[in-house]
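None of the values given here were measured: they were computed from a predicted structure.
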Amino acid sequence: AGGVAGVCVDLILFPLDTVKTRLQSPQGFRKAGGFRGIYAGVPSTAIGSFPNAAAFFVTYEYVKSVLHRGSASYLSPVMHMVAASCGEVVACLIRVPSEVIKQRAQVSPSSSTFRILSQTLYHEGIKGLYRGYKSTVLREIPFSLVQFPIWEYLKDLWSWKQGHVVDSWQSAVCGAFAGGFAAAVTTPLDVAKTRIMLAKAGSSNASGNVLAALSGIWRTQGLSGLFAGAVPRVAAIGLGGFIFLGTYEKTRQLLL
């Protein structure tokens with residue numbers, strides 16, 4: 001169910017993700033490709049999205065079920081935060097290599113995904129594919145700490161109001177609100193992650209230091225730089241939350 005949801009959301013919203021990446025690119029939106037080659041890097045996403053989303057939900061549901069045993073109801077938000085954080089750490093092992101290749105293809109639309117993959121492996125080795133792992137985890141964990149407790153809370157509230165468990169479309173609406181809010185507050189971390197992944201080997205950002213990347217952006221571009229791409233990110237993740245969590249619930253209902 002998680003894998004199907006991941007493929008649906010990533011492929012449908014890929015153009016918005018490309019625009020966001022190019023807005024956050026250090027070379028600027030136009031030089032990074034503008035609106036040309038909007039599907040550059042899509043093979044990397046198509047291959048990585050199913051196992052990445054599947055790994056997240058397997059871990060999330062398992063940790064949630066383990067923590068749920070004997071825990072008080074007021075601890076539910078903490079339980080969801082811990083489960084989501086564990087899910088992100090595992091999923092990022094698959095997501096980061098896919099994301100590195102995808103983002104480099106998005107800002108170099110003339111190069112093929114395979115060429116970028118081979119160049120990355122030749123110049124940086126396997127370590128190059130995991131450039132930005134730490135910054136991705138540091139972005140995804142705060143995002144999940146905000147999104148999943150809000151999603152679960154809104155579902156519980158809606159279920160209580162109507163007297164029965166929410167339908168998949170209602171879960172999707174809750175996911176859209178939770179995802180959009182979480183996307184807005186974590187945009188600076190996303191900008192830092194993009195700069196680290198796109199940095200040339202040997203440059204200061206290539207070391208993967210998130211705080212150094214954030215301070216560099218703040219010094220050169222100020223607040224607008226830290227929130228570059230915020231509008232397409234909130235739009236994409238808000239809509240993505242609707243598709244992703246709604247598809248997950250619907251597919252799970254069909255399978256169970």
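Taking 4.5 Å as the limit, every side-chain heavy atom of Val191 sits out of range of all side-chain heavy atoms of Leu226. Counting heavy atoms from C-beta outward, Gln106 and Tyr39 have side chains that stay 4.5 Å or more apart. You'll find the side chain of Gln103 stays beyond 4.5 Å of the side chain of Arg22, heavy atoms only. Taking 4.5 Å as the limit, some side-chain heavy atom of Arg131 sits within range of a side-chain heavy atom of Ile196. In this structure, Phe29 and Thr21 have side chains that are not in contact, with every pair of non-hydrogen atoms separated by 4.5 Å or more. Taking the side chain as every heavy atom from C-beta outward, Leu239 and Ile12 never approach each other to under 4.5 Å. Using a 4.5 Å cut-off on side-chain heavy atoms (C-beta onward), Tyr62 and Phe57 make no contact. Ser49 is not listed as a side-chain neighbour of Leu11, based on a closest heavy-atom distance of 4.5 Å or more.
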* Between Thr136 and Arg95, does a side chain to side chain donor-acceptor pair (under 3.5 Å) hold up when you go through it step by step? -> CA-CA 9 Å; Thr136 304; Arg95 181 181 306 151; over 6 Å; no
* Asked: When you look at Glu61 and Arg252, which way does the salt bridge (Lys or Arg N to Asp or Glu O under 4.0 Å) test go after all the steps?
  -> CA-CA 12 Å; Glu61 295 291 355; Arg252 197 172 68 158; 3.1 Å; yes
* Asked: Can Glu152 and Lys64 be said to form a side chain to side chain contact (heavy atoms under 4.5 Å, CB included), step by step?
  -> CA-CA 12 Å; Glu152 299 278 8; Lys64 195 169 75 168; 3.1 Å; yes
* Asked: Between Phe143 and Asp190, is a side chain to side chain contact (heavy atoms under 4.5 Å, CB included) present by the stated rule, with each step listed?
  -> CA-CA 10 Å; Phe143 179 85; Asp190 186 56; over 6 Å; no
* Asked: Please walk me through it: do Cys8 and Val4 pass side chain to side chain contact (heavy atoms under 4.5 Å, CB included)?
  -> CA-CA 6 Å; Cys8 287; Val4 169; 4.3 Å; yes
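Between Asp167 and Lys250 there is no salt bridge, since none of the side-chain N atoms of the basic residue sits less than 4.0 Å from a carboxylate O of the acidic one. Note on Glu124 versus Lys127: no salt bridge recorded, every NZ/NE/NH1/NH2 to OD/OE distance being 4.0 Å or above. Salt bridge absent: Arg233 and Asp17 never bring a charged side-chain N and a carboxylate O closer than 4.0 Å. A salt bridge is absent between Glu140 and Lys134: the closest approach of a Lys/Arg side-chain nitrogen to an acidic carboxylate oxygen does not fall below 4.0 angstrom.
Both Ile101 and Val96 belong to a single network of hydrophobic side chains, linked directly or stepwise wherever heavy atoms of I, L, V, M, F, W or Y lie under 4.5 Å apart. Hydrophobic clustering keeps Val90 apart from Val63 (ILVMFWY residues linked when any side-chain heavy atoms are closer than 4.5 Å, directly or through intermediates). No continuous path of hydrophobic side-chain contacts links Phe114 to Ile47 [ILVMFWY only; heavy atoms under 4.5 Å]. A chain of hydrophobic side-chain contacts below 4.5 Å, direct or via other Ile, Leu, Val, Met, Phe, Trp or Tyr residues, connects Trp160 to Trp169. Put simply, Leu117 and Val100 are part of the same group of oily side chains (I, L, V, M, F, W, Y) that touch within less than 4.5 Å, one to the next.
In summary, the aromatic rings of Phe148 and Phe56 are positioned with their centroids under 6.0 Å apart. Residues Phe242 and Phe177 place their aromatic rings such that the two centres sit no closer than 6.0 Å.
Here the OG1-CD distance, from Thr194 to Glu99, works out to 7.5 Å after rounding to the nearest 0.5 Å. Rounded to the nearest 0.5 Å, atoms CZ (Phe181) and CD (Gln147) are 12.0 Å apart. Atom CD1 in Ile141 sits 7.5 Å away from atom SG in Cys92 (nearest 0.5 Å). The CG atom of Leu255 sits 10.5 Å away from the CD atom of Gln253 when rounded to the nearest 0.5 Å. Phe14 contributes atom CZ, which lies 4.5 Å from atom OG1 of Thr45 (distance to the nearest 0.5 angstrom). Met79 contributes atom CE, which lies 7.0 Å from atom CG of Leu67 (distance to the nearest 0.5 angstrom).
Nearest heavy-atom pair across Leu198 and Pro26 is CD1-CD, 4.2 Å. Among all heavy-atom pairs drawn from Ser85 and Leu145, the shortest one is OG-CD2, 3.4 Å. Heavy atoms only, all atoms of each residue included: Ala53 and Gly2 are closest at CB-O, 3.0 Å. Closest non-hydrogen pair, Pro232 versus Leu23, comes out as CG-CD1, 3.7 Å. Among all heavy-atom pairs drawn from Ala91 and Ala55, the shortest one is CA-CB, 4.3 Å.
Of the possible polar contacts, none joining the Tyr153 side chain to the Ser76 backbone as a donor-acceptor pair under 3.5 Å is found. Distance alone, capped at 3.5 Å, is enough to place a donor-acceptor pair between the Ser159 side chain and the Val166 backbone. No donor-acceptor pair under 3.5 Å is formed between the side chain of Ser98 and the backbone N or O of Ile94. Formation of a donor-acceptor pair under 3.5 Å by the Thr18 side chain with backbone atoms of Ile38 is found in this model. A donor-acceptor distance shorter than 3.5 angstrom exists from the side chain of Arg195 to the backbone of Gln24, with no hydrogens or angles considered. Judged by distance alone, the side chain of Ser215 and the main-chain N or O of Ala212 form a donor-acceptor pair under 3.5 Å. Side-chain N or O atoms of Thr247 include none that pairs as donor or acceptor with a backbone N or O of Phe244 at under 3.5 Å. Looking at Ser108, its side chain never comes within 3.5 Å of a backbone N or O of Ala105 through a donor-acceptor pair. The main-chain N or O of Leu189 is never found under 3.5 Å from a side-chain atom of Thr186 such that the two would form a donor-acceptor pair.
Between the side chains of Gln170 and Glu249, no donor-acceptor pair is found at a separation under 3.5 Å. A donor atom on one side chain and an acceptor atom on the other are found under 3.5 Å apart for Ser171 and Trp151.
The aromatic rings of Tyr60 and His80 sit tilted, their planes meeting at an angle between 30° and 60°.
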